[in-house]
Protein chains: 2
Amino acid sequence: MPQSKRPNSKKERRLENEKLILSAAEKVFAEAGFGGATMQLIADMAGLPKANLHYYFPTKESLYRQVVQNIFQTWLQAADIFDAAEGPEEGIGAYIDAKMEISRRHPAGSKVWASEVMHRAPVIQDYLETTLMEWTDGRAKIIDRWISEGRMAPINPRHLLYMLWATTQHYADFGHQIETLNGGEALTDAQWEDAKTSIKQIILRGIGATG
Amino acid sequence: MPQSKRPNSKKERRLENEKLILSAAEKVFAEAGFGGATMQLIADMAGLPKANLHYYFPTKESLYRQVVQNIFQTWLQAADIFDAAEGPEEGIGAYIDAKMEISRRHPAGSKVWASEVMHRAPVIQDYLETTLMEWTDGRAKIIDRWISEGRMAPINPRHLLYMLWATTQHYADFGHQIETLNGGEALTDAQWEDAKTSIKQIILRGIGATG
DNA sequence: TCTTTACTTGACCATACGGTCAGGATGCGC
DNA sequence: GCGCATCCTGACCGTATGGTCAAGTAAAGA
């Protein structure tokens with residue numbers, strides 16, 4: 001007699017609990033860093049006993065690894081927009097929008113990623129060397145093509161990409177600083193729109209890609 | 001009989017040891033985060049017994065606090081260049097150069113700062129609310145004046161400042177990622193120059209402040 | 001030289017943390 | 001309904017860590 005209200009099937013519960021744990025872990029790792037986070041805190045936030053965490057994720061490190069890998073996936077998804085674009089104004093503009101939206105919706109993930117990279121990427125170094133490297137090379141080539149087609153000014157694509165990453169992720173990673181400078185209030189919808197517009201304005205004009 | 005070769009006077013030794021400890025602490029906090037850093041590790045790196053650290057800095061938190069405050073001072077010093085400038089091209093250009101130089105010379109400090117802010121600034125929240133707030137308001141006013149004088153395009157000064165911070169500090173905080181994408185090699189002198197030039201080119205042109 | 005003050009340090013302590021485990025509960029296939 | 005595999009969890013353990021302390025050493029001051 002499978003119930004649909006409260007998912008009690010084993011598979012469903014498993015997935016649900018894993019999701020619950022991963023979500024709690026992301027928050028705690030973001031707030032406290034890997035070293036400062038405790039399994040007990042994650043357990044409390046997930047509403048599960050600590051020993052249960054170790055049933056799903058044998059070690060703290062394995063849990064952390066899973067969190068970071070999930071974030072990396074989200075990170076890469078924003079790339080699709082870049083690829084589908086027809087030119088720099090559309091591609092880079094949409095990429096900025098997408099990454100700003102990620103910063104707004106998943107600030108914890110962005111922080112965990114930043115923390116991981118700052119600590120010399122002990123867990124996802126191989127991803128940096130393979131997947132991220134390929135992604136970056138591919139995007140750099142697209143930008144170089146746009147430049148050779150005269151659709152934007154000649155600019156080192158890598159530094160442009162770093163600038164895009166830095167600026168968009170700043171709104172998540174340094175969100176607390178921004179909020180403090182905003183009088184202690186989170187940015188409003190209008191302010192987020194203003195941020196997006198300002199960034200696109202500066203960068204698109206800066207690379208000579210405005211209509 | 002005060003010796004000048006090896007500073008054995010109490011005051012000199014005190015200052016020397018404090019500097020030694022603070023320098024080691026900055027590195028360890030940057031590499032491991034506050035939670036991951038251990039007093040033993042800092043002691044080893046400073047070449048002193050652990051108990052000696054606790055003589056100079058009673059708690060781990062007090063040591064951390066001192067490190068963060070020192071970094072904040074460096075951070076603010078780069079402002080002088082901004083103030084002394086005659087117009088946006090000179091002021092913002094020089095500010096970018098100065099902040100990039102800090103990222104290059106003191107990456108550990110930048111990382112500690114980033115980490116502190118990411119964790120909701122438990123130690124320097126009051127600085128954010130007072131000193132940083134005033135600094136930001138002041139700089140925003142200067143930019144607004146430049147805009148009203150027609151020396152640059154109308155742009156929300158805050159988002160421009162965030163962009164400057166984000167981009168320049170990215171080269172320190174995400175230095176490991178940049179190094180990995182650079183084939184595992186640290187950026188050369190020429191590459192650092194290229195970075196500075198690219199950033200200035202995009203931003204100065206983006207805000208309509210090029211000669 | 002003698003006293004006092006500042007500094008140094010090995011040994012030690014309480015605590016908190018990651019991780020284990022045994023035994024019980026629960027749903028699943030037959 | 002029954003046996004089995006999966007899931008759950010309170011109690012427990014070893015270790016590492018921040019911090020203490022008392023006893024010693026070296027410099028400053030008189």
Side-chain angles (χ1 to χ4, degrees), chain A residues 1-22 24-29 31-68 112 119 122-123, chain B residues 1-22 24-29 31-68 112 119 122-123:
Chain A
M1 202 190 297
Q3 286 201 312
S4 56
K5 270 194 180 178
R6 222 178 160 213
N8 281 340
S9 97
K10 291 225 163 169
K11 280 198 176 174
E12 275 178 354
R13 272 190 79 86
R14 164 148 259 201
L15 285 175
E16 191 184 281
N17 278 345
E18 279 178 356
K19 214 173 222 173
L20 208 63
I21 294 168
L22 284 168
E26 185 178 280
K27 271 183 206 142
V28 174
F29 283 134
E31 297 251 337
F34 179 81
T38 72
M39 293 298 271
Q40 188 62 61
L41 215 69
I42 297 171
D44 290 349
M45 183 159 295
L48 294 169
K50 191 185 72 162
N52 207 348
L53 296 211
H54 281 100
Y55 176 73
Y56 287 101
F57 300 92
T59 66
K60 183 183 179 184
E61 202 182 308
S62 67
L63 172 55
Y64 175 74
R65 188 184 305 268
Q66 193 61 56
V67 168
V68 173
V112 175
H119 300 359
V123 164
Chain B
M1 200 192 295
Q3 286 199 312
S4 55
K5 270 193 181 178
R6 220 176 161 215
N8 280 339
S9 98
K10 293 226 161 169
K11 282 196 175 175
E12 276 177 352
R13 272 189 78 87
R14 162 147 253 189
L15 285 174
E16 192 183 280
N17 277 346
E18 279 179 354
K19 213 172 226 172
L20 207 63
I21 294 168
L22 285 168
E26 186 179 280
K27 271 182 205 143
V28 174
F29 282 133
E31 298 250 340
F34 179 81
T38 72
M39 293 299 269
Q40 189 62 61
L41 214 70
I42 297 171
D44 291 350
M45 184 159 292
L48 294 169
K50 190 186 70 162
N52 208 348
L53 295 211
H54 280 100
Y55 177 73
Y56 286 101
F57 300 91
T59 67
K60 183 185 179 183
E61 201 182 307
S62 68
L63 171 55
Y64 174 74
R65 187 185 304 268
Q66 192 61 56
V67 168
V68 173
V112 174
H119 300 358
V123 162

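Lettering of chains follows the sequences in order, A, B, ..., and the numbering in each one begins at 1.
Between B:R13 and C:dT8, a side-chain N or O to OP1/OP2 separation shorter than 4.0 Å is present. Proximity of B:N17 to the phosphate of C:dT8: a side-chain N or O atom is located under 4.0 Å from OP1 or OP2. Contact annotation: B:R14 does not reach the phosphate of C:dA6 (side-chain N/O to OP1 or OP2, under 4.0 Å). At least one side-chain nitrogen or oxygen of B:Y55 sits closer than 4.0 Å to the OP1 or OP2 atom of C:dC7.
For B:E61, the CD atom sits in a loose shell: 12 or fewer heavy atoms of surrounding residues, nucleotides or ligands are nearer than 6.0 Å. When the shell of 6.0 Å around NZ of A:K60 is examined, it contains more than 12 heavy atoms from other residues, nucleotides or ligands.
A 4.5 Å side-chain heavy-atom check between A:F29 and A:I42 finds at least one atom pair inside the cut-off.
For B:K60 against D:dG19, a side-chain-to-base donor-acceptor contact under 3.5 Å is absent.
Counting all heavy atoms, side chain and backbone alike, B:L48 lies closest to B:I21 at CD1-CG1, 3.8 Å.
Nucleic acid contact for A:A37: sugar-phosphate only, since backbone atoms but no base atoms lie under 4.0 Å from a heavy atom of the residue. Contacts of B:F57 with the nucleic acid, taken as non-hydrogen atoms under 4.0 Å apart, are absent.
Mapping A:K50 and A:L53 onto DNA chain D by nearest heavy atom places A:L53 closer to the 5' end of the strand.
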